[in-house]
Every structure is written in C-alpha cells, then in structure tokens.
Amino acid sequence: MLALLPYMKKYKFYAVLCPIFMILEVLGDIYIPYLMSRIVDVGIVNRDIDYIVKLGLIMVGVALLAMAFGVISAHFGARAGFGFASEIRKEAFKKVQGFSFANLDRFTVSSLITRLTNDCNTLGQVTMMSLRMAVRAPFLMLFALIMAFNINRSLARVFMVAVPLTAATIGIILPKARPLFQKLQGRVDRVNAIIQENLIGIRVVKSFNRQSYEERRFKERNDDLKNTALSAISLVISVMPMLNLIVYSTIIAVLWFGGRQVSAGTMGSGELISFITYITQVLMSLLMMSFFFMNLLRGSASAGRILEVLSTESEIKEAETPVKELKDGSVTFEHVCFSYPGSPEKTLKDINFHIKSGETIGIIGSTGSSKTTLVQLIPRLYDVTEGSVKVGGVDVREYDVKALRDQVAFVLQKNTLFSGTIRENMQWGKEDASDEEIIKVLKQAQAWEFVSKYEDGLDHWVEQGGDNFSGGQKQRLTIARALLKSPKILILDDSTSAVDMTTDARIQQVFKTDLKDITTIIIAQRISSIQQADKIIVMHEGKIESMGDHETLMVKSPIYREIYQSQLKGVAV
Amino acid sequence: MKSQNSLRRLRPKDTKSTLLRLFGYFRFNKLLFFGGIFFIIVSAASQIAANAMLSPIIDTIVIGDIPQVVRYLLIMGAIVLGISGSQYLGNLFMARLAQETVHKIREDMFSHMQKLPVSYFDKLAHGDLMSTFTNDVDMLNQSLEQSVSQAIVAVITVAGSFAMMLVLSPILTLTVILMLGLMFAAVKYVGRKSASNFRFQQAALADMNGYVEEIMSGQKVVKVFNYEERAIDKFLEKNEQLRRASTQASTYGVMLMPIMGNLSFVLYALASMFGAFLVMKNSMTIGNIAAFLQYTRTISRPITMVSNQLNMLFAALAGAERIFDVLDEEAERDEGDVCLVRDGKNPPYWKVPKENGEYETVPLKGYITLDNVNFGYEPGQRVLSNISLYAKPGQKIAFVGSTGAGKTTITNLINRFYEIDEGSILFDGIDIRRIKKQDLRSTMSIVLQDVHLFEGTIADNIRYGRLDATDEEVVEAAKLANAHYFIKNLPKGYDTMLTMDGQNLSQGERQLLSIARAAIANPTVLILDEATSSIDTRTEKLIAEGMDKLMEGRTTFVIAHRLSTVRDANAIMVLEQGRIIERGDHEELMRQKGRYYALNTGALELE
C-alpha cells in the first residue's frame with residue numbers, strides 16, 4: 001500500500017494536518033478527566049468556589065477546542081482520503097487507456113471495472129479511516145495510560161493484566177472469524193449464482209417444468225448460507241460481552257484497591273473517579289485498533305489490485321522517429337508469425353501476401369480467431385512475433401501509432417455503440433465532422449434509410465451498447481463510423497453477418513464504386529459477402545491454405561469449395 | 001423501459017404496513033424474538049444499574065466502611081456477569097432471528113419468482129431484480145441483526161441514564177438539560193446534512209461507474225478510433241465531481257463523532273462544575289457526582305447512534321418494501337382443466353372434462369392450429385395480426401422474415417409464455433388456454449438462440465430435459481445432437497462441471513448441449529430458432545445436423561436461417577410486420593417470384 005504514497009502528494013497538506021489535529025483533540029479528551037479530578041480533590045475538599053469555576057470554564061473551553069480540532073481533522077481526513085482516491089483513479093484510467101489489446105485481454109474488462117470503481121472507493125475510505133483511527137486509538141491509549149500512571153503508579157498496574165487480556169481476547173477471536181467470513185462470502189455467491197441463472201434462464205425452467213427442481217437446489221444453498229452465517233456471527237458476537245466483562249472487572253478491581261487507598265488517604269476520590277474514565281478509554285482503544293486492522297487488510301487487497309494496473313506497461317512501443325503519413329493503402333505480410341502473449345502455440349504461421357492499394361480482399365476460413373488475429377496486426381493492435389507487416393511500404397512499427405490508427409479503420413466483430421446521440425457516436429470517427437459528412441457515410445453504409453426515419457434524425461439517442469437497434473442496424477452504423485475516418489485501409493471483421501443479403505450486396509457495391517480507392521479487407525463467414533473480391537485468402541489452422549479469386553479458388557481450394565457448397569445446398573446457380 | 005442500477009429509494013413509502021408485515025415473519029420464531037428483546041433490555045438495564053452502583057460504592061469508600069464496600073462490589077460483580085451474559089444471549093437471539101427471517105424471505109422470494117409470468121422478467125432490468133434479491137435482503141439482514149438491538153439499547157440507555165440522573169439530582173439534571181437539548185439538535189442537523197450529501201455522492205458514484213463500465217466494455221473500440229484523449233477528458237470531469245461529493249458526504253458523516261464526543265465533555269464539564277457546588281451545599285455526595293458523570297458519558301454515545309441506526313432501519317424498510325413488491329406480483333395464472341396422461345400403458349392422451357362431469361380422451365398427436373391470432377406485448381400495440389396456420393403431426397413449418405417481423409413472438413405464444421389477445425390456438429383440437437400450462441409445456445421443447453445452461457455436470461444439464469432419464473438415454477441424446485464427440489474429449493467427460501450458465505464451454509458447444517437437452521425430452525412439438533451467431537463453420541455444420549435430426553418426426557416450428565431447412569419444410573410462412581404475406585412450400589413460393597424469391601437469390605441468410 002505504501003507504494004501508492006506518491007499519489008498523495010497533491011493532498012499532503014491535508015494528510016499531514018489531519019492526524020495532527022486528531023492528536024490535539026485526543027489531548028483535549030485526556031485533559032478533561034484530569035481537570036475534573038482536580039475540581040473534586042482540590043475544589044470541593046477546600047471548598048474553593050473560584051477554583052471550581054475557573055477549572056470548570058477551562059474544561060468547557062478545552063472541550064469546545066477539542067470539538068473544533070475534531071471537526072477540522074474529520075474534514076481534512078475526508079479531503080485527503082478522497083483526494084488520494086481520485087488521483088489514483090485518474091492515473092489508473094489513463095493507464096488503461098494506454099493499454100494494448102494484450103494488456104486488456106490479460107486483465108479482462110470486468111476486473112478492470114472493479115478495480116477502477118470498487119477498489120478505488122475502498123482505498124479512499126480506508127485512507128480516511130487510517131488517518132484518523134490509526135492515530136486516534138494508539139494515542140488515546142498511550143495518553144490515557146500515561147495519565148493513569150501519573151495519578152497512581154501502583155493502581156495503574158491493573159492495566160498490566162487488563163491490556164494483555166483484552167488484546168488476547170480480540171487477537172484470538174477475530175482472526176478465527178476471517179476465514180469464516182470468507183466462506184460466508186462464497187456461500188452468498190452461490191446463492192446469488194442460482195438466482196441469476198433462474199432470472200436469465202426462466203424460459204428454460206418454465207418450458208421444461210423444472211420449478212420444483214430449482215426450488216430444491218435453491219433450498220440447499222439457502223440452508224447452507226444460513227448455517228455458515230450463524231457460525232460466523234456466533235463467533236463475533238462473543239467479543240463485546242467479553243470485553244465488557246474485562247472493562248467492568250477492571251473497574252471493580254480499581255474500586256477495591258483504589259478505594260482502600262482513598263480511605264487510607266493516599267489517593268483523592270477525584271483521582272479515583274477520573275481513573276475509571278481512563279480505563280474505558282484505554283481498553284476501548286484496543287477494540288478500535290482491531291477494527292482498524294481489519295479495514296487495513298481490505299484496503300491492502302484493493303491497493304494490490306490497483307498497483308497491478310499501474311505497473312503494467314503496454315508492449316506496443318512507439319518508434320523513435322515515427323512516420324506520420326501513409327503513402328498508400330498497400331498491405332504486405334512477410335513471413336509473419338504470431339503467438340498471443342503467454343501462449344506457446346503459434347496462432348499464425350509464416351503468413352505471406354501482398355495487397356495492392358485499393359484492392360478488395362476477402363478472408364474466409366474454418367476458425368474465426370486466426371482470421372481476426374491476422375487483421376489485428378495491421379493497425380498494430382498486436383505486434384508480430386516474427387516477420388513484418390508493412391503498410392504503404394513501411395513496417396507498421398515505424399509509424400506514429402495514432403496516425404496509423406487514424407488511417408486504418410477497423411470495424412470489430414463485436415460492435416459497440418455508446419450512449420449518446422447518433423451524431424456523437426459517428427464523431428468518434430472524426431471529432432469535428434459536419435452533419436453533411438455524417439449523412440454521406442450513413443448513406444454509403446446503407447444506414448441512412450433507417451436513421452432518416454427518426455424524427456430526431458442524427459440526434460436520436462443511442463442506448464448503452466446500442467441496445468435499441470437491431471443487429472443489422474448496429475453493424476451498419478459502425479461501418480459508417482469507420483468510414484468517417486476517410487481511411488486508406490478499411491478492415492471489416494464479420495461486420496455484415498446480421499445484415500440481409502440485399503443490403504449486404506448494396507454495401508459491397510458502394511465499396512466497389514464510391515470507395516474504390518480504399519483498400520478493403522473483409523472477413524466473412526458467408527461466401528456471398530466476399531465472392532466479388534479481387535482476391536480471397538483462405539485460412540486454415542493459422543496458415544494460408546490458398547489465395548485467389550472466386551473462380552480460381554473453386555478449382556484450387558477444397559476448403560473453399562466445401563464452404564461454398566454447405567452454404568448453397570442444392571440451389572441451382 | 002429497462003434501466004440498470006436505477007437509484008434505489010432509501011425511505012419506505014408506507015412505514016407502518018411494511019413494519020407490520022415484517023413482524024409477521026417473526027411469528028415463526030416467537031421465542032427468538034421475545035427472548036432476544038428480553039435479554040437486550042436486561043443487558044441495557046444492567047449497564048445502567050452497574051453505573052448506579054458507583055454512587056454508593058464511592059460514598060462508602062470515602063466514609064471508609066470497608067466491609068460494606070466489599071458487599072457492594074460483590075453486587076456489582078453479579079450485575080456485571082449479568083450484563084455479559086444477557087448481552088451475549090440477546091445479540092445471539094437477535095442474530096438468529098435475523099438469519100431465520102431472511103432465510104424464509106429468500107425462500108419465499110425464490111418460490112414466488114418461479115410462479116411469475118415470463119412478461120415480468122422481460123420487462124424488468126435484471127440488475128434491479130438481482131439487487132432486490134441481494135442488496136435489499138442483505139440490508140434487511142444487517143438491520144435485523146444490529147439496528148434493532150442497538151436501537152433498543154440506545155433508547156433504554158438514554159432513557160435510563162436520564163432517569164437515573166434525575167434520581168441522583170433533579171437540580172443538576174435541570175442545569176444540564178439545555179446541553180442535552182443542544183446535543184439532540186446537533187445530531188439532527190448534522191444527520192440531515194449528511195443524508196442529503198450522501199445522496200449526491202451516490203448519484204456521482206453511479207454516474208462515474210456507469211461511464212467507466214461503458215468505456216471499459218468498449219475499450220477496443222476506443223483504441224481503434226484513437227478516442228483515448230477524449231475518453232480521459234470526459235472521465236476527469238466525472239472524477240472531480242465524485243471527489244467533491246465524496247469529500248463533502250464523508251466530512252458530514254464523520255464529524256458527528258468529534259462533535260458529540262466533545263459536547264458530551266462539555267456536559268461533563270458543566271456537571272462537574274455545578275455538581276461541585278451542590279456537594280459543597282451538601283445536596284449531593286461525591287459518589288453521586290461520580291455516578292452522574294458516568295451517566296453523562298453513557299448518554300451521549302447512544303444519541304449519536306440512534307440517528308445512524310434510524311437511517312439504516314429506514315433504508316432497510318425501503319428495501320423490505322421492494323422485497324414485498326416482488327412477493328405481491330401476480331403469479332402466472334393457470335385456469336386450465338385439461339391435463340395430459342402418461343401412464344406408460346397407453347400412448348399419452350389428453351383428459352378433457354366435459355360439462356356433465358365425464359371425461360373425453362383425446363390422443364396426443366401434435367396437431368397445432370393458429371386461428372386468426374392477434375397479439376401485442378403492450379395494450380394497444382399489435383405485433384401479430386390475423387395469423388392463421390396449421391401443422392399436422394410431424395410437419396415442419398418454417399418462418400422467415402426480417403427482424404421484428406414477429407417470428408420469435410409466435411414461439412412465445414404456442415407454449416403460453418404470453419397469452420394471445422384475440423383468436424385461438426388449438427392443440428389436437430383443444431384450445432390451449434384450457435390445457436394446464438405444465439402439461440402443455442411438457443409436450444414441447446424449445447431451442448433458442450440464447451442458450452441457458454445451469455451450474456452442474458454436463459449430464460445434469462442434458463437430463464434437465466427429462467429428470468428420470470437413464471445414463472444411456474443421456475448419451476443417446478448427446479449423440480443425436482452431435483455433442484457426444486466433444487463431451488468425450490473433455491477430461492471429465494459427462495461429469496464435467498459447468499460454471500454459471502455454462503460459460504466454460506464455447507458458444508457452439510453450449511448450443512449442442514441445448515439440442516441434446518431438447519432431444520432427451522422427446523417432445524411432440526418442437527420450437528426451434530436456428531440463429532447461430534458467429535460460430536465457426538465446422539461447429540455450425542454439427543449444430544445444423546443435430547437440429548435436423550431433432551426435427552425428424554415432430555411437429556416443428558422453426559425460425560429458419562438455412563436454405564436447407566426451408567427447402568424441405570412442409571410450409572413456409574413469410575412474415576412481414578406481423579402478418580403472413582406469403583405461404584406455401586419452397587417450389588410454390590419460388591414460382592410466385594415474390595418476397596421469398598427475392599430473399600432467396602444465392603446463399604440464404606436472413607436477419
């Protein structure tokens with residue numbers, strides 16, 4: 001957790017002052033019982049009204065001061081804690097924006113979300129608590145002990161029994177509770193899992209009439225949860241009563257031993273009374289410290305997860321003198337091999353081909369992943385393990401990454417739109433695009449026909465993930481978004497699978513005419529989507545099985561033939 | 001309509017009735033409830049009594065009457081043991097009560113959920129329902145466990161301490177009463193500010209979380225479009241907003257402790273001062289003061305806690321209201337009186353009650369007729385209009401058409417997931433509204449585009465189709481579905497454990513399992529959606545074969561995506577905007593050169 005300390009820099013003023021004010025508050029809280037003992041032992045005994053009034057007023061003043069210090073400490077603690085969390089979250093988010101695809105794969109999206117949200121929150125709260133509790137509890141205990149020893153050294157020896165006893169009680173019970181609570185969390189997860197399954201699979205449950213079966217399954221887990229919870233709680237419940245026992249027993253012991261001294265005249269009754277106040281303060285501080293430690297554990301787990309993100313470096317490195325302009329849209333693969341980071345297997349084996357600028361290339365094959373892998377190398381979403389990928393005659397690693405990605409448009413397999421207007425989504429392709437430019441690409445992608453039907457047109461709202469559009473509509477919108485970049489190379493990864501035949505044909509027509517200067521690379525499952533391509537690459541198990549146009553492949557490639565036939569069973573061509 | 005993570009209400013709409021209903025659950029555990037409350041009251045009262053003992057003890061000490069001191073100390077010792085014992089038992093009983101109550105509520109919720117109609121689940125955002133099941137139930141649990149007992153302790157401690165203060169010295173109590181009033185006011189003020197700031201924080205948090213989730217889920221698109229800078233800018237705005245809101249909310253949340261703690265010291269100070277005067281006037285003893293001062297310490301902490309606990313209780317009650325809302329949802333109605341008889345001796349038949357009390361038996365064959373069916377999901381909406389078609393046993397009816405044409409909707413109606421608005425659907429001549437839903441559905445299997453599997457072994461999942469299937473039957477079904485091969489290649493074969501929703505298998509493998517599951521049920525009627533998204537060609541071929549074998553000999557309604565399916569269908573229904581615009585078999589429709597013909601140039605893939 002200390003490794004994150006540098007992020008506190010902006011708020012170090014508050015981080016330092018918070019504990020200081022806390023200590024001042026504690027001093028006040030310690031001083032007051034002492035003043036009270038003086039009132040009793042000096043003021044009352046000597047019947048000195050002035051003395052009593054003076055000390056009383058000082059007490060009130062000290063209490064009010066302590067309150068002010070406490071409030072300031074609280075505020076500073078909050079500022080430091082949440083400022084700290086906000087700085088860390090900022091850095092983590094920036095870091096993730098710089099991640100390569102390989103980094104994103106490694107962490108998984110859902111764990112990144114948790115790290116940026118829950119873990120940062122936890123850190124903020126734990127920091128705030130630490131700055132206050134970590135300071136308050138030990139200092140309170142320390143000062144109270146000092147005062148107690150000052151009042152009466154022999155009496156204070158009760159603490160030598162009480163403190164270890166308290167620490168032992170807490171130290172034995174609470175650590176046992178941790179594994180029980182972890183087990184409990186597991187049981188909770190299992191109950192939630194079955195609820196989730198039933199929620200999303202309700203049709204399956206109903207159509208197979210499995211309601212009572214599911215209820216039985218649920219009962220088992222629910223019972224298990226109850227029993228685990230009870231054992232965990234029974235353990236924790238025993239702490240407070242035991243502590244109370246220790247505190248009161250100590251008080252009784254003090255009353256006995258101290259009482260004898262008061263009757264003997266070696267101790268003032270006021271001192272005895274204040275002593276009792278200090279007992280509670282000392283022993284309760286121990287409890288506070290244990291709660292603090294448990295929180296600290298939670299915090300350090302979160303801190304660890306965030307540090308993982310912050311210390312990850314992207315392997316996509318920028319060239320030293322990056323080239324900014326793409327000469328043309330030609331693409332060349334020379335002896336390219338690729339393995340995913342951490343995997344011993346080669347996903348791509350010795351790929352060689354050349355695409356001329358402006359050509360339309362189709363890629364088809366048995367498994368989806370190595371086709372996608374191949375095209376992801378072009379905009380440097382991943383880097384090759386061996387060989388070289390050249391665009392416009394230059395190795396992609398020599399380009400400025402941003403410039404490269406501006407000129408190579410990639411429409412992913414999983415199409416994501418974002419919450420906002422259609423216009424805002426399109427502007428991802430070009431930030432300052434005018435409405436005319438946007439409408440132009442929408443028309444090219446065959447999306448204008450449905451966008452124009454909306455009353456609010458380009459202002460029509462897109463829900464998170466684009467859920468208010470059909471699969472085919474989403475695909476067309478994402479193609480339009482890519483076209484807005486005016487790229488030299490356009491890569492479409494299975495991007496028309498949900499679009500019907502006629503519309504698909506129209507899109508291809510546009511590519512052939514309006515956009516004929518763009519090098520278009522299309523990965524598809526349907527032969528019809530790539531039949532008209534200039535060249536088709538047939539992939540099989542990470543290698544190029546063959547390459548050529550449709551007629552050539554029907555002769556040369558058994559895989560191509562097989563795919564063609566399975567898709568056109570029996571129709572007379 | 002669907003909203004994820006909608007901001008949850010923190011205060012109940014109708015506190016009284018929710019509380020009463022909650023108490024209703026306690027009746028299952030009367031001993032725990034009354035016992036728990038009893039012991040908690042005893043423990044709180046004992047704490048007050050222990051503090052009260054200080055007064056006589058100290059006075060006796062000052063006098064020097066040692067034997068009496070001993071006696072008093074022994075009494076106090078007994079009280080202290082009582083405190084510990086009753087505190088332990090009280091908390092234990094309440095914790096048990098909480099667990100038992102929450103256990104029952106969970107069970108009731110789950111059972112009731114099974115009875116709710118499909119429309120409820122389609123309309124609701126899953127996130128909200130899950131949240132009610134988890135967060136709201138949790139909050140209720142915590143409140144029952146802690147807030148109730150702490151609230152009782154707090155009330156007794158405050159009332160008891162105040163009462164004892166009055167007993168010790170009415171005059172002194174009067175002089176400090178203003179201070180007490182001030183403390184109450186402080187708690188109320190800070191509490192209110194804290195609550196409103198907390199709401200701002202929650203809103204800022206939801207906003208931030210929503211944005212992070214969206215960007216992270218689409219992070220690959222961000223990279224591809226060089227959107228990183230813009231994403232960071234937007235993020236910084238929200239981050240700052242959250243920081244401010246959190247800082248403010250926490251400040252108010254946390255400052256209550258130093259305020260209350262030190263105001264209680266002011267109280268302590270005033271009590272010391274005035275108490276000293278009273279001692280000198282002989283209206284009070286030193287022992288009295290000692291006890292009085294101790295009460296000033298014990299009275300302030302509960303005042304602080306009560307406000308916190310009350311807020312927690314309210315939030316929990318709001319959650320309980322949401323839970324009760326789910327429990328009050330209307331269950332799926334089933335007024336059917338026709339049931340299916342499978343007695344193993346005769347082939348299955350429908351038992352149709354007649355008016356005169358006798359029964360008519362109709363053999364189960366699989367004739368399905370839709371007669372002029374109209375339907376819409378919302379009142380006033382029309383998704384299907386004038387749908388009429390029939391299927392003879394074993395026939396294959398294929399539906400084609402663009403997205404939103406109504407194909408999936410028809411599948412929701414045949415097995416009564418939704419009820420039709422007008423017209424009728426007949427099964428073997430019987431109106432399906434007369435047939436008990438369970439029996440109706442037992443004759444049908446559905447294979448949908450979204451595959452849902454369950455945690456358990458592969459064999460368990462296949463057996464879901466028929467719970468009493470033998471192991472041989474499981475393997476047979478898997479072979480029919482072309483699933484057997486990949487299952488055998490897994491290290492644990494049929495005993496392989498699937499994680500939630502079968503996520504540890506690939507999309508294609510999950511689809512094959514769902515075909516096997518449908519196969520083992522040996523349905524009379526099959527409802528099949530052929531859409532398979534982005535699966536590799538080879539697996540798609542296996543799935544297609546499996547589906548073909550599944551369809552043999554059953555009345556099948558298939559949402560067609562393959563040319564081969566449509567080609568040997570007995571009838572093809574071309575749907576457009578909820579109406580059948582063309583019908584016939586493949587040759588007839590090709591001759592018509594209509595919509596079907598237009599869709600059918602070359603390879604056939606449909607939206």
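Side chains are part of it too, since the values below use all heavy atoms of this structure and drop only hydrogens, waters and symmetry mates.
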Problem - Region of A:Gln211 in contact with chain B, defined by heavy-atom distances below 4.5 Å - result: both
Problem - Proximity breakdown for A:Lys226 and chain B, heavy-atom pairs closer than 4.5 Å - result: both
Fill in the blank from the handout: Scanning both residues in full, the closest heavy-atom pair of B:Asn226 with A:Lys402 reads ND2-O, 2.8 Å
Practice task
Examine whether an atom of A:Ile52 lies under 4.5 Å from a heavy atom of chain B, and if so say whether it belongs to the side chain, the backbone or both; otherwise answer neither.
Solution key: both
Exercise for the section: Give, as side chain, backbone, both or neither, the part of A:Met129 having an atom under 4.5 angstrom from any heavy atom of chain B. Expected result: neither
Handout entry: Residues in side chain to side chain donor-acceptor pair (under 3.5 Å) contact with A:Ser100, at least two apart in sequence or another chain
Key = A:Asn103, A:Glu315
Exercise for the section: Identify whether the distance between the nearest side-chain nitrogen and carboxylate oxygen of A:Arg203 and B:Asp122 falls below 4.0 Å. Expected result: yes
Handout entry: Check: B:Tyr464 ring centre within less than 6.0 Å of A:Tyr213 ring centre
Key = yes
Handout entry: Portion of A:Leu412 that has a non-hydrogen atom of chain B nearer than 4.5 angstrom
Key = side chain
Handout entry: Residue part contacting chain B, namely of A:Asn121, when any heavy atom lies under 4.5 Å
Key = side chain
Exercise for the section: Let me know if A:Thr117 has heavy atoms under 4.5 Å from chain B in its side chain, its backbone, both or neither. Expected result: both
Handout entry: Over-ring placement of A:Lys90 relative to B:Phe235, 6.0 Å and 45° cut-offs
Key = no
Exercise for the section: With a 4.5 angstrom heavy-atom cut-off, could you sort out which part of A:Leu255 is near chain B: side chain, backbone, both or neither? Expected result: both
Handout entry: Side chain / backbone / both / neither for A:Asn209 at chain B, heavy atoms under 4.5 Å
Key = side chain
Problem - Lys/Arg cation over aromatic A:Phe101: B:Lys223, 6.0 Å, 45° cone - result: no
Completion exercise
Turns out that what part of A:Ile252 lies under 4.5 Å from chain B's heavy atoms comes down to both
Completion exercise
B:Ala231 and A:Gln97 have their tightest heavy-atom pair at CB-OE1, 4.1 Å
Completion exercise
Honestly, the part of A:Val71 sitting under 4.5 Å from a heavy atom of chain B is both
Problem - Pairing of A:Lys94 and B:Glu228 as salt bridge, 4.0 angstrom limit - result: no
Exercise for the section: Work out which heavy atom in A:Ile32 is nearest to a heavy atom in B:Tyr268; give both atom names and the distance. Expected result: CG2-CD2, 3.7 Å
